[in-house]
Amino acid sequence: QVQLVESGGGLVQAGGSLRLSCAPSGRTDNNYAMGWFRQAPGKEREFVAAINWSGDTLYYANSVKGRFTISKGNAKNTVYLQMNSLEPEDTAVYYCGARSGSSYYIIVDEYDYWGQGTQVTVSS
């Protein structure tokens, strides 16, 4: 069982930036495809960005394209989400997910492992 831990959320003004991090809490033997999702109050969890296991294939939701950047860290199965030009509509709990596989994945149910989430609040 892989446990993921997110960090880096917080309160920021519109136009500001945050960098989220996600890392496994223990040893992981495999390289995973990973993704970021978010869930606002009263809404379903939605896709934000995904990266394949090697880090060379990326995919973004249209709502964040050009503002957010997903990347993998040097440590195995560590992933970051750099968020720039934040908008109030970006306010949500952000979750990272992981799964085995050679591609990137954009559907919630495709992921096997999840973190507990980190709150991002953007004030206007």
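Fair warning: this is a prediction, and the values are worked out from it, not measured in the lab.
Judged by distance alone, the side chain of Gln116 and the main-chain N or O of Val5 form no donor-acceptor pair under 3.5 Å. Between the side chain of Lys72 and the backbone N or O of Ser54 there is no donor-acceptor pair closer than 3.5 Å. Thr91 places a side-chain N or O within donor-acceptor distance of the main-chain N or O of Val122, the cut-off being under 3.5 Å. For the pair Gln82 (side chain) and Arg19 (backbone), a donor-acceptor distance under 3.5 Å is absent.
In this structure, Arg99 CZ and Trp53 CH2 are separated by 14.5 Å, a value rounded to the nearest 0.5 Å. Here the CG atom belonging to Leu86 is positioned 10.0 Å from the OG atom belonging to Ser123, to the nearest 0.5 angstrom. Thr121 OG1 to Asp90 CG: the interatomic distance, rounded to the nearest 0.5 Å, is 11.0 Å. How far OG of Ser7 is from OH of Tyr94: 15.0 Å, rounded to the nearest 0.5 Å. Atoms OH and CG, from Tyr105 and Asp112 in turn, are 10.0 Å apart once rounded to the nearest 0.5 Å. In this structure, the separation between CG on Leu20 and CG on Leu81 is 5.0 Å, given to the nearest 0.5 Å.
Scanning for ring-ring contact (aromatic ring centres under 6.0 Å, His included) contacts around Tyr113 gives Tyr32, with sequence neighbours left out. The salt bridge (Lys or Arg N to Asp or Glu O under 4.0 Å) check on Asp56 picks up nothing, with sequence neighbours excluded. For Tyr111, the ring-ring contact (aromatic ring centres under 6.0 Å, His included) partners at least two apart in sequence or on another chain are Phe37, Trp114. The salt bridge (Lys or Arg N to Asp or Glu O under 4.0 Å) check on Glu46 picks up Arg38, with sequence neighbours excluded. In this structure Glu110 satisfies the salt bridge (Lys or Arg N to Asp or Glu O under 4.0 Å) test with no other residue, sequence neighbours excluded.
Other residues, nucleotides and ligands contribute over 12 non-hydrogen atoms within 6.0 Å of the NZ atom of Lys65.
Applying the disulfide bond (SG atoms under 2.5 Å apart) test to every pair with at least one member in residues 12-124, sequence neighbours left out, gives these pairs: Cys22-Cys96.
Counted by atom type alone, Asn52 and Ser103 present zero donor-acceptor pairs between their side chains at under 3.5 Å.
At a threshold of 4.5 Å between non-hydrogen side-chain atoms, the residues Tyr60 and Thr69 count as touching. Contact check for Leu58 versus Tyr104: no side-chain heavy atoms found under the 4.5 Å cut-off. Side-chain contact check for Trp36 versus Glu6: some heavy-atom pair is nearer than 4.5 Å. Counting heavy atoms from C-beta outward, Val12 and Met83 have side chains that stay 4.5 Å or more apart.
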